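Report on the following structure.
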2 protein chains.
Amino acid sequence: MNLKQLSLMLDLSQTTVSRALNGYPEVSEETRRRVADAAKRHGYRPNPSARRLATGKAGMIGYVMPTGASVDIDPHFVEFLSGLGDYARAHDLDLVLSPADARDEETTYRRIVANKQVDAVYVSAPCHGDKRVALIHQLGMPFIVHGRSEGLDFDYPYLDIDNEAAFHEATRLLVQLGHKRVALINGDDTQTFAIFRERGVRRALAASGIALPPVLLRSVAMTEENGYRAARSLLEQSEAPTGIVCSSLIMALGVVRAVRDLKLTIPGDLSLIAHDDVFPWLKPENFSVPLSTTRSSIRAAGQRIAERLAARISGLETGARGEIWPVDLVVRGSIAGAPV
Amino acid sequence: MNLKQLSLMLDLSQTTVSRALNGYPEVSEETRRRVADAAKRHGYRPNPSARRLATGKAGMIGYVMPTGASVDIDPHFVEFLSGLGDYARAHDLDLVLSPADARDEETTYRRIVANKQVDAVYVSAPCHGDKRVALIHQLGMPFIVHGRSEGLDFDYPYLDIDNEAAFHEATRLLVQLGHKRVALINGDDTQTFAIFRERGVRRALAASGIALPPVLLRSVAMTEENGYRAARSLLEQSEAPTGIVCSSLIMALGVVRAVRDLKLTIPGDLSLIAHDDVFPWLKPENFSVPLSTTRSSIRAAGQRIAERLAARISGLETGARGEIWPVDLVVRGSIAGAPV
DNA sequence: AAAAGCAGCCAAAGCGCTTTGGAAGACTTT
DNA sequence: AAAGTCTTCCAAAGCGCTTTGGCTGCTTTT
């Protein structure tokens with residue numbers, strides 16, 4: 001069933017039927033109703049390819065997915081997708097993942113813009129002065145950044161959590177508990193979130209005149225193994241930390257294993273706080289010693305980003321609004337006063 | 001730059017340019033070269049919307065993504081995506097995720113088929129007599145199932161790993177080590193993979209005249225917490241198992257925690273083997289006691305499925321070929337002879 | 001030398017929708 | 001009663017591509 005058939009059947013022009021269906025004013029209410037009825041009865045659905053060709057609107061939101069043999073997609077991504085999908089479903093938006101060579105995402109961004117394959121894109125895991133953000137801003141396609149990029153000479157819309165405040169709070173709590181040597185096991189420090197987290201830790205320590213020396217800082221890809229290695233090397237040095245703030249639950253698994261291997265205990269010898277993006281399959285309260293966390297649902301972020309992207313597509317949202325979500329600090333058994 | 005401009009510039013008709021670019025025979029070699037040169041020089045890329053409208057081919061592969069507040073996307077999905085993306089990138093295929101209400105995926109399947117939004121779809125995590133497989137087969141769109149569905153009255157193309165053989169081997173090894181009470185902590189048993197795994201375990205046990213009583217079988221969503229609960233309840237019963245075969249690494253984390261809570265040891269009191277889909281961020285060799293696994297890269301499966309989907313789209317692959325991959329059994333420290 | 005075949009090109013007709021630029025009729029205004 | 005103003009509809013022109021059905025001029029066959 002296409003427009004032509006439907007209009008023939010109603011004895012109206014395609015113009016009128018199209019307008020009736022798309023809510024244009026120059027159609028009488030009665031006609032509109034007739035058309036709507038017939039469309040529903042016959043299950044008419046406008047062909048998206050045709051509509052896209054005519055309007056340039058795709059009804060899809062895009063994501064350029066870096067790929068490559070040595071590129072690992074962040075496991076958080078699937079939770080984010082769940083949230084995005086939740087919202088997108090309700091608004092008939094599809095999501096198109098355009099795989100790109102991780103070393104050259106620009107070509108792909110240019111392609112999807114030139115081809116108008118999507119109406120908006122979302123950009124994740126930005127780094128300092130992120131090239132992608134600059135590019136897509138310049139190309140003039142609606143977008144939202146999940147996270148933030150610093151060092152760009154323009155404003156842009158984003159959704160981020162308050163990483164700095166979260167890690168500031170976590171660290172401050174450790175300091176208040178008497179910890180003098182607090183280490184940070186961070187994610188890849190080319191990414192902005194890691195920079196903010198480090199900043200939060202430093203600021204909290206500095207407030208009590210404590211420094212964060214390089215020997216107490218690790219910045220690594222967030223795997224269990226790296227968490228283990230980082231913790232082990234931290235704890236084996238002479239001035240071992242008594243508190244660790246850790247950027248992910250998965251790394252925290254490694255930290256716990258290292259602690260156990262070294263015959264230490266949590267929280268007796270080491271207090272541990274990690275950031276939790278809220279996975280359904282790994283929960284901090286279920287760690288052998290329940291893990292204190294800074295918590296923020298990445299799934300909720302996905303929903304919100306979908307919502308804002310939809311708003312930008314329909315012109316309801318414009319400008320460069322940045323949205324920063326507070327992060328919960330959830331205290332559980334993994335922290336205690338510093339050992340004497 | 002569109003076809004018209006390009007053809008004007010070359011002083012050729014759109015027909016000829018189009019044909020030259022698409023490798024049709026009725027164009028002289030010289031002309032073809034001229035056209036190809038000009039196209040490359042001016043960075044001409046055919047508009048996909050227009051092409052789609054004209055041909056009905058979308059250049060995309062689809063996935064209907066179940067969503068809903070209580071629906072969790074499998075964390076394996078992102079690894080699978082990595083693999084799919086790897087291949088898709090090299091072949092200019094995009095992937096479109098169509099979010100669907102988990103309780104009504106049919107509508108979405110019908111929509112993407114009716115609209116020709118994608119050239120092929122892939123279906124994951126099939127259950128017995130899977131409705132989606134039946135539907136999409138009937139709708140006549142190319143597809144490949146990742147996994148298998150039993151109880152359908154037609155053949156279809158799929159890629160699966162040999163779950164039954166894998167769990168058969170794992171169990172057989174335990175039996176050979178003298179274990180008489182072997183438990184299975186399985187995934188959701190509405191899914192075919194879980195059925196096959198159970199079958200493998202039963203068959204291996206039966207070969208030595210051992211049964212798998214209901215008290216030694218758990219079938220749960222694959223989270224750390226469920227792994228813990230299952231293991232704990234198994235180990236606390238009077239006739240506790242001395243060996244456990246477990247359907248995922250994440251559940252195995254929970255099993256290990258339960259063992260520790262109960263002051264038992266691996267492999268002294270309990271031998272443990274789990275299935276490993278190969279995550280970059282959690283490796284069985286890094287478990288406190290290195291974990292024996294049945295291993296199969298889900299990422300490789302993603303690549304292969306993309307490859308086969310591409311082949312089906314271009315008509316290179318037809319028919320209902322099922323492909324079953326063998327699974328490696330990797331022995332590490334987590335198994336030993338049964339305690340006496 | 002006429003007929004046939006072929007290589008190489010083109011004009012034009014779609015694909016199914018949106019949107020522009022009227023036009024007809026009814027209703028007001030002067 | 002003539003002129004203007006809405007309201008409601010329509011024909012036709014795109015959007016950028018593919019594909020059908022020729023047409024031309026040249027080579028080969030009979």
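Note that this is a predicted model, so its numbers are computed, not measured. Numbers restart at 1 for each chain; the letters A, B, ... are given by sequence-line order, proteins then strands.
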**Request:** Without swapping roles, check the side chain of B:Thr55 against the backbone of B:Arg51 for a donor-acceptor pair under 3.5 Å.
**Result:** yes

**Prompt:** Sequence neighbours excluded, which residues qualify as side-chain hydrogen bond (donor to acceptor under 3.5 Å, both in side chains) partners of A:His137?
**Reply:** none

**Prompt:** What residues, two or more places apart in sequence or in another chain, satisfy side-chain hydrogen bond (donor to acceptor under 3.5 Å, both in side chains) together with A:Ser28?
**Reply:** A:Thr31

**Request:** Using atom CG of A:Leu10 as one end and atom C1' of D:dC9 as the other, report the distance to the nearest whole Å.
**Result:**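 Going from CG in A:Leu10 over to C1' in D:dC9 covers 14 Å.
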
**Prompt:** What's the CG-P distance between B:Leu12 and C:dA11, to the nearest Å?
**Reply:**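 Interatomic distance, CG of B:Leu12 to P of C:dA11: 11 Å.
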
**Request:** Answer yes or no: is there a side-chain heavy-atom contact under 4.5 Å between B:Asp92 and A:Arg111?
**Result:**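 A side-chain contact under 4.5 Å exists here.
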
**Message:** For B:Phe77, give me all partners under ring pair (Phe, Tyr, Trp, His ring centres under 6.0 Å), at least two apart in sequence or on another chain.
**Reply:**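 Residues passing ring pair (Phe, Tyr, Trp, His ring centres under 6.0 Å) with B:Phe77: B:Tyr63.
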
**B:Arg34 and B:Asp11 ion-paired at < 4.0 Å** = no

**Asked** Centroid-to-centroid, A:Phe80 to A:His76, below 6.0 Å?
**Response** no

**Fill in**
Per-nucleotide protein contact along nucleotides 14-21 of chain D, 5' to 3', at a 4.0 Å heavy-atom cut-off (B base, S sugar-phosphate only, - neither), is BBBBBBBB

**Request:** Any salt bridge (Lys or Arg N to Asp or Glu O under 4.0 Å) involving residues 133-152 of chain A? Give me the pairs, sequence neighbours left out, ordered by first then second residue.
**Result:** A:Arg148-A:Asp160, A:Glu150-A:Arg199

**Message:** Under 4.0 Å, heavy atoms only, any strand: does A:Asp11 hit a base, just the sugar-phosphate, or nothing?
**Reply:** sugar-phosphate

**Asked** Between the axis at one end of the helix from C:dA1-D:dT30 to C:dT30-D:dA1 and the axis at the other (five pairs apiece), what's the angle to 10 degrees?
**Response**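 Here the helix ends are tilted 50° relative to one another.
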
